[in-house]
Amino acid sequence: MPELAEVEYYRKRWDAGIGAKILAAELRAEKRIFRGTDAHAMERELPGARLLASEARGKQMAFRFSRGVWIAIHLGMTGRLRVEPPEFPAGKHDHLVLRQKERALVFSDPRQFGRVIFFRGKGEPPWWASLPKALTSAAFTRAVLRDALQRHRKLSIKATLLLQQHFPGIGNWMADEVLWQARIHPLTPSGGIDGAHLAALWKSIRAVCLGALRHVGEDFSDPPRGWLFHERWSRRGKCPRDGTQLKRETIGGRTTAWCPKCQM
DNA sequence: TACTCTGTTGAATA
DNA sequence: TTATTCAACAGAGT
């Protein structure tokens, strides 16, 4: 599930623990969630560290602790962060539990497509510093968009929008929403989008990111009425603009919904 | 029960 | 270098 705004929502769940010390880190190092990181070091070095701050970039989150300790979390498809009472017993899919005096910070992920990465050192971890700039920042210009589309000119625009190195935070439903709002057919080759279409695409990328953050990102409420979002899940979904029955097909390996009438 | 679907992404291949 | 396919995993839906 988690795309840009859901990630932001879950990140803020752990804000409850900011300022408090970690007493214990419970995890099972052999879990797939910890692939590529030193989970034993995490278990050893987190206790005693104080949670200072967190930030989300696209689908990535970083939690910064005292003593130069960081963890990054990616939620994958089914990952969640939540807060439980301090003595809460970890369930089957609760892969990381950070105990504080007043609460437990819990990361769960049944499918384990997500991951946790540990870092201790001076300054920002390299993997964090090298992430692309937010689509809602001034750095995401029309020229940056055009470059990304040209680099993948043969790829369908739907598949291109899912590339995290260019469109951090965009996931399957957001990509469909962006294309529907910009009235662009998901199979359009990315390289063929220019002029007014490019301008419309740029505008709807920002509108969808901002709208999602404002609604889903704040309190997990649904996006605004009138968005494709409310229709795209069902086989019987209708275009909110003209009532046309939506088409559903796999594009770029993902289920895609669009209006055959207004998306050209 | 059996089979299909899934809001992700990285590794392996072409 | 870029595009495509598939697997990692578990639960929900039909």
Side-chain angles (χ1 to χ4, degrees), chain A residues 1-11 27-28 30-37 56-61 72-81 90-96 107-117 127 130-132 135 146-181 186-193 205 208-209 211-213 215-217 220-223 227-237 246 248-258:
Chain A
M1 171 202 276
E3 306 181 23
L4 183 79
E6 290 95 337
V7 170
E8 186 62 8
Y9 173 81
Y10 285 122
R11 176 187 69 78
L27 59 88
R28 284 211 302 239
E30 74 280 8
K31 286 291 197 177
R32 187 181 143 79
I33 286 291
F34 301 107
R35 61 198 180 279
T37 203
R57 291 184 185 171
K59 296 176 186 173
Q60 314 276 342
M61 291 177 281
I73 295 181
H74 190 293
L75 297 171
M77 208 151 138
T78 51
R80 300 200 142 77
L81 299 185
K92 184 175 171 195
H93 300 302
D94 298 329
H95 305 301
L96 177 63
F107 168 50
S108 66
D109 183 3
R111 290 183 74 177
Q112 299 190 60
F113 292 175
R115 69 194 300 179
V116 180
I117 294 174
W127 36 257
S130 66
L131 291 173
L135 299 175
R146 186 180 299 112
D147 285 351
L149 299 189
Q150 283 309 313
R151 187 177 294 268
H152 303 279
R153 61 181 77 80
K154 292 202 181 142
L155 200 57
S156 69
I157 185 59
K158 168 65 187 260
T160 302
L161 284 176
L162 294 173
L163 297 172
Q164 297 301 296
Q165 67 271 33
H166 297 299
F167 303 101
I170 301 278
N172 202 31
W173 79 253
M174 288 181 75
D176 283 2
E177 189 71 44
V178 163
L179 292 173
W180 178 78
Q181 293 198 15
L187 281 171
T188 310
S190 302
I193 297 173
I205 288 170
V208 169
C209 288
L213 286 169
H215 292 82
V216 186
F220 225 79
S221 61
D222 279 351
W227 279 28
L228 181 71
F229 177 89
H230 304 283
E231 298 288 331
R232 71 175 296 282
W233 311 100
S234 127
R235 236 164 261 283
R236 292 212 208 299
L246 298 176
R248 281 161 68 93
E249 258 173 53
T250 298
I251 299 178
R254 318 294 301 286
T255 300
T256 301
W258 75 96

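First the proteins, then the strands, lettered A, B, ... as listed; each starts at 1. Because only heavy atoms are used, hydrogens play no part in the values below, and waters and symmetry mates are left out as well, while side chains stay in. In this text the structure is predicted, and so the values were computed from the model without any measurement.
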Worksheet entry | Inter-nucleotide P distance (dA12(B), dC9(C)), Å rounded | 15 Å
Output the rounded distance in Å from [atom1] ([X]) to [atom2] ([N]).
X	N	atom1	atom2	result
I251(A)	dT4(C)	CD1	C1'	15 Å
H74(A)	dA8(C)	NE2	C1'	14 Å
L163(A)	dT9(B)	CG	C1'	11 Å
L187(A)	dT4(C)	CG	P	11 Å
M77(A)	dA7(C)	CE	P	15 Å
H152(A)	dT1(C)	NE2	P	12 Å
Q60(A)	dG10(B)	CD	P	8 Å
H95(A)	dA10(C)	NE2	P	8 Å

Worksheet item: Of P110(A) and A159(A), whose closest DNA chain C nucleotide lies nearer the 5' terminus?
Response: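 Final value for this comparison: A159(A).
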Fill in: Chi angles and distances behind the ring pair (Phe, Tyr, Trp, His ring centres under 6.0 Å) call for F220(A), Y10(A)
CA-CA 9 Å; F220(A) 225 79; Y10(A) 285 122; 5.7 Å; yes
Item to complete: Give a yes or no on whether the backbone of R35(A) and the side-chain of R115(A) come within a donor-acceptor separation of less than 3.5 Å.
Response: yes
Worksheet item: With both distances kept under 3.5 Å, what pairs with dA3(C), Watson-Crick or G-U wobble?
Response: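 Partner of dA3(C): dT13(B).
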Is the phosphate of [N] approached by [X] (side-chain N or O, under 4.0 Å from OP1 or OP2)?
X	N	answer
K59(A)	dT9(B)	yes
R111(A)	dG11(C)	no
K92(A)	dG11(C)	yes
H93(A)	dG11(C)	yes

Practice prompt. Compare every heavy atom of G76(A) with every heavy atom of P2(A), then report the nearest pair and how far apart it is.
Written response: CD-O, 3.4 Å
Worksheet item: Looking only at heavy atoms, which two atoms of K158(A) and N172(A) are closest? And how far apart?
Response: NZ-OD1, 2.6 Å
Worksheet item: Among dG10(B), dA8(C), dT2(C), which nucleotide sits nearest the side chain of R115(A)?
Response: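 From the listed options, dG10(B) comes nearest.
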Worksheet item: Aromatic rings W227(A) and W173(A): how do their planes relate, parallel, tilted or perpendicular, breaks at 30° and 60°?
Response: tilted
